[in-house]
Protein chains: 2
Amino acid sequence: MAFGMDRSPAARTVWLQGLKEARKACGLSQAGLGAKVGLPQSHISRIESGAVDVGLSTLLEISRSLGLEPIAVPRVLVPAVRSLMRADSRDGSPPPRPAYVLDDERA
Amino acid sequence: MAFGMDRSPAARTVWLQGLKEARKACGLSQAGLGAKVGLPQSHISRIESGAVDVGLSTLLEISRSLGLEPIAVPRVLVPAVRSLMRADSRDGSPPPRPAYVLDDERA
DNA sequence: CACATAGATGCGTAAAAGCATATATATGTT
DNA sequence: AACATATATATGCTTTTACGCATCTATGTG
């Protein structure tokens with residue numbers, strides 16, 4: 001039937017959920033994260049709740065400020081990449097300590 | 001100095017460039033891609049040119065229809081993932097043949 | 001209670017998404 | 001060559017929505 005591919009909040013929830021967890025793993029509040037990337041806390045709230053469809057630029061800023069880089073991975077490689085990520089989170093270091101924040105940590 | 005982190009077109013260009021190449025590798029026109037994901041060709045044009053800041057939902061739809069899955073990878077693992085992707089694109093199969101399109105290829 | 005700190009909500013504005021149309025850029029025909 | 005035809009990308013304009021500011025509602029804690 002080819003129904004025009006989901007643009008509902010649920011479609012992006014899994015992604016947003018990941019970012020939210022990453023934020024908490026960094027010990028950041030919505031306001032804290034907002035301050036880091038120059039966004040109002042209100043917007044972070046709406047993004048995480050799926051109320052708005054966040055733009056790519058904002059998504060990149062948020063992800064990177066949490067030590068994450070969004071990469072378009074070929075579908076066949078997704079399992080390999082996920083496995084790589086699981087292995088890494090078992091190395092002994094607690095959560096991925098976002099870095100020892102040098103004021104504006106560019107990357 | 002902490003200048004409020006780039007939200008300019010240039011900041012997302014590299015990402016968009018990748019999508020554009022993926023589209024061409026799939027032998028799709030902007031209109032063809034638009035039809036697949038239920039978006040007007042005009043919008044694909046503006047997205048690829050960086051004229052607009054594409055939303056996450058749309059980005060996911062486009063990426064997935066091209067056989068790509070956007071994943072937030074911890075920065076330390078980015079080189080490993082990229083290396084994995086390079087290795088895969090050397091396996092003998094020409095471009096990543098988007099799949100043998102079953103009308104609406106959900107995934 | 002007062003005073004934090006964390007997240008949500010109303011509203012105005014700038015910008016993304018959508019529709020129609022215009023501009024390439026080929027390829028073919030007389 | 002000029003003309004048609006087809007396909008690929010860009011642009012003007014309208015509607016919808018992301019983003020930003022202020023405010024409000026939790027949920028603590030002394």
Side-chain angles (χ1 to χ4, degrees), chain A residues 2-66 70 95 98 101 104, chain B residues 2-66 70 95 98 101 104:
Chain A
F3 29 149
M5 228 184 224
D6 208 355
R7 215 198 288 310
S8 68
R12 49 189 187 244
T13 296
V14 46
W15 236 92
L16 303 171
Q17 187 65 26
L19 279 196
K20 181 169 185 173
E21 285 165 12
R23 171 176 66 80
K24 291 192 173 167
C26 290
L28 283 171
S29 66
Q30 292 181 344
L33 175 56
K36 258 172 85 77
V37 299
L39 260 67
Q41 171 270 326
S42 61
H43 198 220
I44 308 276
S45 169
R46 279 188 253 253
I47 290 170
E48 287 185 350
S49 72
V52 302
D53 194 7
V54 62
L56 174 57
S57 297
T58 299
L59 185 76
L60 290 175
E61 289 172 10
I62 293 179
S63 301
R64 287 170 180 159
S65 83
L66 295 174
V101 194
D104 71 295
Chain B
F3 28 154
M5 226 183 225
D6 208 352
R7 212 196 290 308
S8 70
R12 52 191 184 244
T13 296
V14 47
W15 236 94
L16 303 171
Q17 186 66 22
L19 279 195
K20 181 170 186 172
E21 284 165 12
R23 169 176 68 78
K24 290 190 172 166
C26 290
L28 283 171
S29 65
Q30 292 181 345
L33 175 56
K36 262 173 81 76
V37 300
L39 257 66
Q41 171 271 324
S42 61
H43 198 217
I44 309 276
S45 169
R46 279 188 252 253
I47 290 170
E48 286 185 352
S49 72
V52 302
D53 194 9
V54 61
L56 174 57
S57 297
T58 298
L59 185 76
L60 289 176
E61 289 172 9
I62 292 179
S63 301
R64 287 171 180 159
S65 83
L66 295 174
V101 193
D104 70 295

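Order of the sequence lines fixes the chain letters, A, B, ..., with proteins taken first and strands second; residue numbering starts at 1 for each chain. Not measured: the values here are computed from a predicted model. As a basis for the values below, the full set of heavy atoms in this structure was taken, side chains included, without hydrogen atoms, waters or symmetry mates.
Phosphate proximity of D:dG20 to B:Arg7: present, with a side-chain N or O under 4.0 Å from OP1 or OP2. The phosphate of C:dG7 has neither OP1 nor OP2 within less than 4.0 Å of any side-chain N or O from A:Ser49. Look at A:Ser45 and you'll find a side-chain N or O under 4.0 angstrom from OP1 or OP2 of C:dA8. Contact check, A:Arg12 against D:dA18: no side-chain N or O comes under 4.0 Å of OP1 or OP2.
Per the geometry, CG belonging to B:Leu16 stands 16 Å off C1' belonging to D:dA10, to the nearest Å. Distance, A:His43 NE2 to D:dT23 P: 20 Å, rounded to whole Å. Put simply, NZ on A:Lys20 is 7 Å from P on C:dG7, counting in whole angstrom units. The distance from atom CD of B:Gln30 to atom P of C:dA24 is 15 Å, rounded to the nearest whole Å. Protein atom CD1 of A:Ile62 is 8 Å distant from nucleotide atom P of D:dC19, rounded to whole Å. Distance CG (A:Leu39) to C1' (C:dG7): 15 Å, rounded to an integer number of Å. When the C1' atom of C:dA16 is taken as reference, atom CD1 of B:Ile44 falls 13 Å away, rounded to whole Å. Remark: C1' of C:dA17 and CG of A:Asp53 are 10 Å apart, rounded to the nearest angstrom.
For B:Gln41 and D:dA10, a side-chain-to-base donor-acceptor distance below 3.5 Å is present, hydrogens and geometry of angles not being considered.
Rounding to the nearest 0.5 angstrom, the gap separating the CG atom in B:Leu59 from the CD atom in B:Glu61 is 9.5 Å. Atoms OG and CG, on A:Ser63 and A:Leu56 in that order, are 9.0 Å from each other to the nearest 0.5 Å. From A:Gln41, atom CD reaches atom NE2 of A:His43 across 11.5 Å, with rounding to the nearest 0.5 Å.
Taking the side chain of A:Arg46 as heavy atoms from C-beta on, and the options C:dG18, C:dA17, C:dC11, the nearest nucleotide is C:dC11. Here the side chain of A:Val54 is nearest to one of D:dT9, D:dC19, C:dG18, namely D:dC19.
Checked for salt-bridge contact, B:Arg12 and B:Asp53 meet the test: a charged N lies under 4.0 Å from a carboxylate O.
Annotation: of the two residues near DNA chain C, B:Ser42 and B:Ala51, the 5′-most nearest-nucleotide partner is B:Ala51.
A donor-acceptor contact shorter than 3.5 Å links the side chain of A:Thr13 to the backbone of A:Pro9.
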